[in-house]
Amino acid sequence: MNSVTVRVPAKVNLQLAVGPLRGDGYHDLVNVFHAVSLFDEVTAVAETGMSVRVEGESADQVPEDDDNLAIRAAVALARHAGRSYGVSLAIRKAIPVAGGMAGGSADAAAALVACNELWGLGLPLEDLMEIAADIGSDVPFALLGGTAVGTGRGERLTSLEAAGPFHWVFALADGGLSTAKVYAECDRIRAEEGLPVAEPRAAGALLAALRDGDAKALGAELTNDLQSAALRLRPSLAATLEAGRGHGALGALVSGSGPTCAFLAASAAHAGELAGALRDAGVAREVLTAHGPVPGPAVV
Ligand code: ATP
């Protein structure tokens, strides 16, 4: 085999609870991840060296060198296998870049799956999960897909039962938001408020809504502790969220560290109507519909 293509989904966070700042600079999180049907595609071709090309949605904002998360994943996998494998990776992006939908992590997960196949390593998912956790906290979920709760830095995962399908609308913004800056802003807001920060806990009502496939209940339970920080850094997102709520979204929140806004709809038809209303309102660069949960990376 000298070419493998893997399709990998984006994620939205249904609950992102951020605990107090730890001594090591990280936060303990409870992160309910949900994979949705917006896909990047990563093609791995056998080569002597390591290289990456990126095309599609905001490709010019993605590094085409060793900083690319897909290349970092391929290098980590070769190191794990103890061989000097080479690969040329071609990434076709549809997941918004720096949009809070873990596109880079998705590409890293896709590269692990593609290179595992291309190089005939046959490593089990557990091994790939360990390598993934070293690349970034969102990469293990990107390998798993579906719906899962992450604890620790978000990398200790338990899959969740989710009836679905849930229908989503995503409002993409101009330019990205840096995840590190959004966390720093969250810490700043908390310092200003001077209130104690609770240890993060998964919301029982949210897990029940997922299990029951109850979109109305799920919409009411969506929360993101990074949202006020993302809004402070990008005040225009308040109007985007308000427009979605005004057009009947069951729930509206900033996805992860933003600036993408996610809206839960009652049905596929409602998602289509909501997307049209958001486009007409002119509150987003682009509006997309998707459903979740969807499985993790798949060879196509
Ligand atoms: P998260 O939701 O995990 O916080 P995000 O969706 O906000 O992440 P990404 O699209 O993953 O953000 O990209 C964050 C940064 O990582 C980008 O600004 C880009 O410079 C860098 N990056 C490295 N590799 C990739 C990649 N393959 N795709 C996208 N961005 C990448």
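These numbers were taken from a predicted model, which means no experiment stands behind them. Whatever order the structure lists them in is the order used to number ligands and atoms, beginning at 1. FYI, side chains are in, hydrogens and waters are out, and symmetry mates aren't considered; it's all heavy atoms of this structure.
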Contact region, Ala102 to ligand 1, non-hydrogen atoms below 4.0 Å, reads both

**OP:** Look at the side chain of Asp40 and the backbone N and O of Ala94, then say whether any donor-acceptor pair between them is shorter than 3.5 Å.
**Re:** yes

Side chain proximity check, Leu177 to Ser257, heavy atoms < 4.5 angstrom: no

Relative to each other, are the rings of His167 and His291 parallel, tilted or perpendicular (30° and 60° limits)? tilted

Closest to atom 7 (O) of ligand 1 among protein heavy atoms sits Gly100 N, 2.8 Å

Atom 10 (O) of ligand 1: closest protein heavy atom, distance to 0.1 Å, is Ala98 N, 2.8 Å

Among non-hydrogen protein atoms, atom 24 (N) of ligand 1 lies closest to Leu69 N, 3.0 Å

One finds that the ligand 1 atoms under 4.0 Å from a non-hydrogen atom of Pro63 are 19 (C), 20 (O), 22 (N), 23 (C)

ask   = Any N/O of Ala70 closer than 3.5 Å to an N/O of ligand 1?
value = no

| said: Taking the side chain as everything from C-beta on, heavy atoms only, tell me whether Ser228 gets closer than 4.5 Å to Leu231. | reply: no

Q. Heavy atoms, side chains only, cut-off 4.5 Å: are Val113 and Leu143 in contact?
A. yes

Gly99 heavy atoms within 4.0 Å reach ligand 1 at atoms 5 (P), 6 (O), 7 (O)

**Asked** Is Arg72 in contact with ligand 1, taking contact as a heavy-atom separation below 4.0 Å?
**Response** no

### Query
Hey, is Gly256 one of the residues with a heavy atom under 4.0 angstrom from ligand 1?
no

Gly103 heavy atoms within 4.0 Å reach ligand 1 at atoms 6 (O), 10 (O), 11 (O)

With heavy atoms and a 4.0 Å threshold, my read on which part of Lys11 contacts ligand 1 is side chain

Checking heavy atoms under 4.0 Å, the part of Asp138 that sits near ligand 1 is side chain

For atom 17 (C) of ligand 1, the closest protein heavy atom turns out to be Val97 CG1, 4.1 Å

Ala243 and Leu278 have their tightest heavy-atom pair at CB-CD2, 3.9 Å

Checklist entry - With a 4.0 Å cut-off on heavy atoms, is Gly176 touching ligand 1? => result no

The protein heavy atom nearest to atom 27 (N) of ligand 1 is Asp107 OD2, 2.9 Å

Margin query: Quick one, Thr240 and Phe263 - any side-chain contact, counting heavy atoms below 4.5 Å?
Written below: yes

Next item on the list: Indicate yes or no for a side-chain donor-acceptor contact from Glu64 to the backbone of Ala59 under 3.5 Å, with no hydrogens or angles considered.
Entry: no

Taking every heavy atom of Ala163 against every heavy atom of Arg211, the minimum-distance pair comes out as CB-O, 3.4 Å

The answer for which part of Ile95 has a heavy atom under 4.0 Å from ligand 1 is neither

shortest atom 31 (C) of ligand 1-to-protein heavy-atom contact is with Val62 CG1, 4.0 Å

Review point. Quick one: does Asp28's side chain have a donor or acceptor within less than 3.5 Å of a partner on Thr151's backbone?
Key: no

Atom 4 (O) of ligand 1 has as its nearest protein heavy atom Thr179 OG1, 2.8 Å

The closest protein heavy-atom partner of atom 11 (O) of ligand 1 is Gly104 N, 2.7 Å

